[in-house]
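Okay, so here's the structure we're looking at.
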Amino acid sequence: MDDDYYSLNSILAENHKLSCSFTLDVEGLGYLEGGTENNIHQHSKVELPFWLAQTLSLNEFTTFPLPPPYSNRVKAALNASAQSVKLSNLVGGNGWWYRWGRRIADVLDDEPQADLLNTLLKAFINRLPALQDLSAHHASADHTLPESSTSTTETFRDGMEGDERELFAIGQESGKMTRNWYDSNGSRKGGR
């Protein structure tokens with residue numbers, strides 16, 4: 001994902017800390033633990049920003065467990081009912097669940113990487129129809145009336161993460177443009 005290097009959305013997606021365990025003793029970096037010790041000892045656990053955890057893990061200085069937003073519990077919830085999971089809450093308010101997952105997958109070994117990427121893909125595929133329906137509904141809705149719906153689709157909308165919100169806005173705009181085109185063609189045919 002080097003093509004996302006200057007992307008603000010990618011920077012925000014990576015704005016997380018990971019609980020890392022050091023695989024060896026490291027001299028002179030004890031301040032990372034927040035203590036008075038000069039060195040970090042093997043098996044010490046330290047909260048590190050993702051950019052540092054990624055570099056250290058790729059160079060085999062640290063390991064980290066899969067973060068809670070990608071745990072088996074979340075995977076089970078997504079398998080049960082993907083639309084009911086509030087992805088935005090899993091990675092901090094209005095976060096970027098798919099993007100951060102892709103970045104974490106870049107650091108993982110083959111089998112966990114494939115498992116995480118499969119989870120991301122399945123979640124996206126299972127949530128996309130609801131996203132498309134909701135954006136089409138909002139594109140055709142009369143927004144002059146107050147919306148007081150607490151339906152599952154509105155709950156789904158509240159739980160959309162960053163990429164889904166972008167797709168929702170694109171779908172909504174596309175629906176409006178299609179409706180305007182259809183209305184303009186209908187008025188021309190009716191006037192002849």
Side-chain angles (χ1 to χ4, degrees), residues 1-35 37-131 156 159-167:
M1 286 191 28
D2 292 332
D3 55 320
D4 288 347
Y5 183 79
Y6 294 106
S7 165
L8 288 178
N9 292 338
S10 292
I11 292 168
L12 291 172
E14 295 174 11
N15 188 25
H16 296 280
K17 288 189 175 187
L18 293 176
S19 179
C20 297
S21 296
F22 277 82
T23 58
L24 47 92
D25 292 337
V26 181
E27 294 184 21
L29 293 180
Y31 63 88
L32 289 176
E33 288 183 293
E37 186 79 28
N38 284 339
N39 303 326
I40 294 178
H41 300 288
Q42 185 176 9
H43 304 297
S44 294
K45 291 189 179 190
V46 180
E47 290 278 321
L48 297 174
F50 178 75
W51 63 268
L52 182 56
Q54 176 186 23
T55 302
L56 292 175
S57 290
L58 288 172
N59 291 302
E60 299 180 3
F61 290 114
T62 62
T63 60
F64 60 87
L66 209 53
Y70 307 99
S71 67
N72 287 334
R73 183 177 180 193
V74 172
K75 189 190 309 184
L78 287 166
N79 287 337
S81 176
Q83 291 87 3
S84 66
V85 178
K86 289 190 172 189
L87 295 180
S88 63
N89 292 348
L90 293 176
V91 288
N94 300 322
W96 300 85
W97 188 77
Y98 294 108
R99 289 182 194 222
W100 192 39
R102 282 181 45 210
R103 296 295 290 154
I104 290 170
D106 289 343
V107 182
L108 298 174
D109 294 329
D110 293 338
E111 188 177 328
Q113 179 186 50
D115 188 43
L116 178 57
L117 291 173
N118 188 41
T119 299
L120 296 173
L121 180 62
K122 280 179 62 178
F124 184 76
I125 289 170
N126 290 335
R127 291 170 65 90
L128 187 60
L131 193 148
F156 172 72
M160 290 189 302
E161 61 86 64
D163 290 311
E164 291 173 337
R165 286 190 312 275
E166 285 183 359
L167 286 173

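Just so it is clear, the values below take in all heavy atoms, side chains as well, and ignore hydrogens, waters and symmetry mates.
- Residues F156 and L131 form a side-chain contact, since some pair of their non-hydrogen atoms from C-beta on lies under 4.5 Å apart.
- Screening W96, F50, W100 against H16 for a ring pair (Phe, Tyr, Trp, His ring centres under 6.0 Å) leaves a single residue, W100.
- Interatomic distance, CG of D115 versus CG of D109, reported as 12.5 Å (0.5 Å rounding).
- Between the CD atom of E37 and the CG atom of L29 there is a distance of 12.0 Å, given to the nearest 0.5 Å.
- V107 places a side-chain heavy atom less than 4.5 Å from the side chain of S57.
- A salt bridge is defined here as a Lys NZ or Arg NE, NH1 or NH2 lying under 4.0 Å from an Asp or Glu carboxylate O, and E164 with K86 fails to meet this definition.
- Residues F64 and S21 are not in side-chain contact: their nearest non-hydrogen atoms beyond the backbone lie 4.5 Å or more apart.
- Checking side-chain atoms of W97 against main-chain N and O of P69 turns up a donor-acceptor pair under 3.5 Å.
- Proximity of Y70 to L120: side-chain heavy atoms (C-beta onward) are separated by under 4.5 Å at one or more points.
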request  = Apply side-chain contact (heavy atoms from CB on, under 4.5 Å) to the pair F22 and T63, showing each step before the final yes or no.
outcome  = CA-CA 7 Å; F22 277 82; T63 60; over 6 Å; no
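- For N59, the CG atom counts as densely surrounded, since its 6.0 Å shell holds more than 12 non-hydrogen atoms of other residues, nucleotides or ligands.
- Put simply, the side chain of T62 does not reach to within 4.5 Å of the side chain of L52, judged on heavy atoms.
- The distance from the CG atom of L66 to the CG atom of L108 is 6.0 Å, given to the nearest 0.5 Å.
- A 4.5 Å side-chain heavy-atom check between F124 and D163 finds every atom pair outside the cut-off.
- Listed here is the closest heavy atom pair of G101 and L116: O-CD2, 3.3 Å.
- Counting all heavy atoms, side chain and backbone alike, S88 lies closest to R165 at CB-NH1, 4.5 Å.
- Distance check, rounded to the nearest 0.5 Å: CD of E27 to CG of L24 gives 10.5 Å.
- One finds the CG atom of L128 at 7.0 Å from the CG atom of L167 (value rounded to the nearest 0.5 Å).
- Judged purely by atom type and a 3.5 angstrom limit, S71 has no side-chain atom pairing as donor or acceptor with the backbone of P67.
- Nearest heavy atom pair, residue A53 against residue C20, reads CB-SG, 3.5 Å.
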task = Starting from the C-alpha separation in whole Å, work towards a yes-or-no answer on side-chain contact (heavy atoms from CB on, under 4.5 Å) for E47 and L18.
result = CA-CA 5 Å; E47 290 278 321; L18 293 176; over 6 Å; no
query = Would L78 and T119 satisfy side-chain contact (heavy atoms from CB on, under 4.5 Å), going step by step from the backbone distance to the final call?
reply = CA-CA 8 Å; L78 287 166; T119 299; 4.3 Å; yes
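- Side-chain atoms of N126 come within 3.5 Å of backbone N or O of K122 as a donor-acceptor pair.
- At most 12 heavy atoms of other shown residues, nucleotides or ligands fall within 6.0 angstrom of atom CD in E60.
- The closest side-chain heavy-atom distance from L87 to R127 is below 4.5 Å.
- No donor-acceptor pair closer than 3.5 Å links the side chain of N39 to the backbone N or O of G30.
- Nearest heavy atoms, Q83 versus A130: CG-CB, 3.6 Å.
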message = One pair to check against side-chain contact (heavy atoms from CB on, under 4.5 Å): L48 and L56. What are the steps and the verdict?
response = CA-CA 10 Å; L48 297 174; L56 292 175; 3.7 Å; yes
